[in-house]
**Student:** 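Just passing along the structure, written as structure tokens.
Chain identifiers are assigned alphabetically (A, B, ...) following the order of the sequence lines, protein sequences preceding nucleic acid strands; residue numbering begins at 1 within each chain.
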Number of protein chains: 2
Amino acid sequence: MARPKEFDVDQALASAMNVFWSNGYKATSLGDLTGAMGISKSSMYETFGSKHDLFLSTIEHYIRTVTTQISGAAHIDAPAVKVIKALFHRAVQRMAEPNSRRGCYLNNCAVEVSVRDTEAGERVEKGLDMMEEAFFELVQRGQREGDISTRHDPRSMARFLVSSLNGILVMGKAHASTDKLNDVVDITVNALA
Amino acid sequence: MARPKEFDVDQALASAMNVFWSNGYKATSLGDLTGAMGISKSSMYETFGSKHDLFLSTIEHYIRTVTTQISGAAHIDAPAVKVIKALFHRAVQRMAEPNSRRGCYLNNCAVEVSVRDTEAGERVEKGLDMMEEAFFELVQRGQREGDISTRHDPRSMARFLVSSLNGILVMGKAHASTDKLNDVVDITVNALA
DNA sequence: GATATTCTGAACCATTCCGTCCAGAATATA
DNA sequence: TATATTCTGGACGGAATGGTTCAGAATATC
């Protein structure tokens, strides 16, 4: 009878994602990965394939676990504009936490690899589309609730929010303070009215 | 009598910058650099120091040549809000050009290296501060001209513009079409009113 | 105890990498 | 022609890299 798999595949995947998220794809070594995942190189290759395959899996993992939180937030029972504001402030807040100034993983991947790595680019695009979908639902609800202007179509406004959130997180990586980022959040949300 | 330096240092620096801008810091090899710069490895090390030193010089070069264009734009004799709109649309337009979907070099550096590379981070921050300064002047002028609302202070609005522009360019790297990016530009500029 | 599978640490491999050094060529001036 | 500097291509070194393979240990079940 076979020895059952001993490590939690999903947990190892989450650990790998965290390392890629902090260091970037190219700057992450196999040693970084196995150290963070707590498994040997053989097991890693056996389970996940190549470094690049593992990388692609981490993007999918991020979409399954983090991006769906934004999708989930779209259904929070509160005024849509308040949900949007809370999402943005929360993202800024996380940038201020120790060892957490990583921004959005999809953001990072978009900048570092999307142009040259088509496979990664497809996954990143899918994730950003999910974010847009979540914001789209929130904007529509906000427009029904009368808090969000109907001057612009909700699809464009959703893209505006995805873009703005990404921009804010990039600013955060470039050392902008939380106060400054929150100022930008306020103007962004104000733009919806 | 000594042999005069034969290659244009500034042009070589510009070539190096373009390679780092397209590939990213880590994914750019010495071979990539010497090939693009058209000089030998010895000459490169003699003139620019290490690969990392060269990298830092390219960020400074970008600030001197590209970021100052935005500063220059602040003094264009046209309504400020139109200058801002033109800057944004021009940036989006460049994303659509072949082999040009590189986004903003400061953006890319902020995401890839700023958190871990303090020296690069300082330079990136300086460059983004210059962009903010340019937008600050434009917003102030726009407020005087009556086209930009005085509801928000111009410093925050300037940061909002830097952040928004960066977010739009990240979206562009993640395959968003020019039409979609221009929609976001329109909402962004509309937010100034 | 036997069987079957997983996991480990490390050897191994080929390649790539950054950076230094060097002999000789190239160039400009006196 | 002599001198001094720059430039080249490549050798070299040490390190790091991604990936493969393997003997043996560990584990679970029969």
**Student:** With sequence neighbours left out, what residues match B/Glu60 under salt bridge (Lys or Arg N to Asp or Glu O under 4.0 Å)?
**Tutor:**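 Partners of B/Glu60 by the salt bridge (Lys or Arg N to Asp or Glu O under 4.0 Å) criterion, ordered by chain and then number, come out as B/Arg123.
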**Student:** Under the side chain to side chain contact (heavy atoms under 4.5 Å, CB included) rule, collect the residues that match up with A/Tyr45, sequence neighbours excluded.
**Tutor:**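 Once residues adjacent in sequence are excluded, the partners of A/Tyr45 under the side chain to side chain contact (heavy atoms under 4.5 Å, CB included) criterion are A/Leu30, A/Lys41.
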**Student:** To the nearest angstrom, how far is A/Glu46 atom CD from C/dG9 atom C1'?
**Tutor:**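 To the nearest whole Å, that distance equals 16 Å.
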**Student:** Kindly write out the residues that satisfy side chain to side chain contact (heavy atoms under 4.5 Å, CB included) with A/Gln140, not counting sequence neighbours, or none if the list is empty.
**Tutor:** A/Phe136, A/Arg144, A/Pro154
**Student:** For residues 95-125 of chain A, pull every pair meeting ring pair (Phe, Tyr, Trp, His ring centres under 6.0 Å), keeping only residues two or more places apart or in separate chains.
**Tutor:**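 Qualifying pairs: A/Trp21-A/Tyr105, A/Tyr62-A/Tyr105.
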**Student:** Once side chain to side chain donor-acceptor pair (under 3.5 Å) is applied, what residue pairs with a partner in residues 26-39 of chain B remain, sequence neighbours excluded?
**Tutor:**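 Residue pairs with at least one partner in residues 26-39 of chain B: B/Ser29-B/Asp32.
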**Student:** Could you tell me the separation between the CE atom of B/Met44 and the P atom of D/dT6, rounded to a whole number of Å?
**Tutor:** 17 Å
**Student:** In this structure, how many angstroms lie between the P atom of C/dA25 and the CD1 atom of B/Ile39, rounded?
**Tutor:**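 Distance, rounded to whole Å: 22 Å.
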**Student:** Please state how far atom CZ in B/Phe48 lies from atom C1' in C/dC18, giving the value in whole angstrom units.
**Tutor:**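 Going from B/Phe48 (CZ) to C/dC18 (C1'), I get 17 Å.
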**Student:** Can you pull out the residues from residues 9-18 of chain A that lie within a 4.0 Å heavy-atom distance of DNA chain C?
**Tutor:**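 Correct list: empty, so none.
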**Student:** Who pairs with A/Asp186 by salt bridge (Lys or Arg N to Asp or Glu O under 4.0 Å), at least two apart in sequence or on another chain?
**Tutor:** A/Lys85
**Student:** Give the other cluster members for A/Val115, using side-chain heavy-atom distances under 4.5 Å between Ile, Leu, Val, Met, Phe, Trp and Tyr residues; answer none if it is isolated.
**Tutor:** none
**Student:** Does the pair A/Arg155 and A/Glu132 meet the rule for a side chain to side chain contact (heavy atoms under 4.5 Å, CB included), with working shown?
**Tutor:** CA-CA 8 Å; A/Arg155 182 58 66 185; A/Glu132 178 184 309; 3.0 Å; yes
**Student:** Could you give all pairs that pass the ring pair (Phe, Tyr, Trp, His ring centres under 6.0 Å) test and reach residues 152-173 of chain B, with sequence neighbours left out?
**Tutor:**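 Checked against ring pair (Phe, Tyr, Trp, His ring centres under 6.0 Å) - neighbours excluded - no pair reaches residues 152-173 of chain B.
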**Student:** I need the full list of side chain to side chain donor-acceptor pair (under 3.5 Å) pairs touching residues 64-74 of chain B, with sequence neighbours left out, sorted by first then second residue.
**Tutor:** B/His61-B/Arg64
**Student:** Starting at CZ of B/Phe7 and ending at P of D/dT8, how long is that distance when rounded to a whole Å?
**Tutor:**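 Taking CZ of B/Phe7 and P of D/dT8, I get 8 Å after rounding.
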**Student:** When rounded to the nearest 0.5 angstrom, what distance separates CG in A/Leu169 from CZ in A/Arg102?
**Tutor:** 12.0 Å
**Student:** Just by protein heavy atoms under 4.0 Å, how would nucleotides 16-22 of chain D read 5' to 3' in B, S and -?
**Tutor:** -SBBBBB
**Student:** Residues from residues 112-121 of chain B sitting under 4.0 Å of DNA chain C, heavy atoms only?
**Tutor:** none
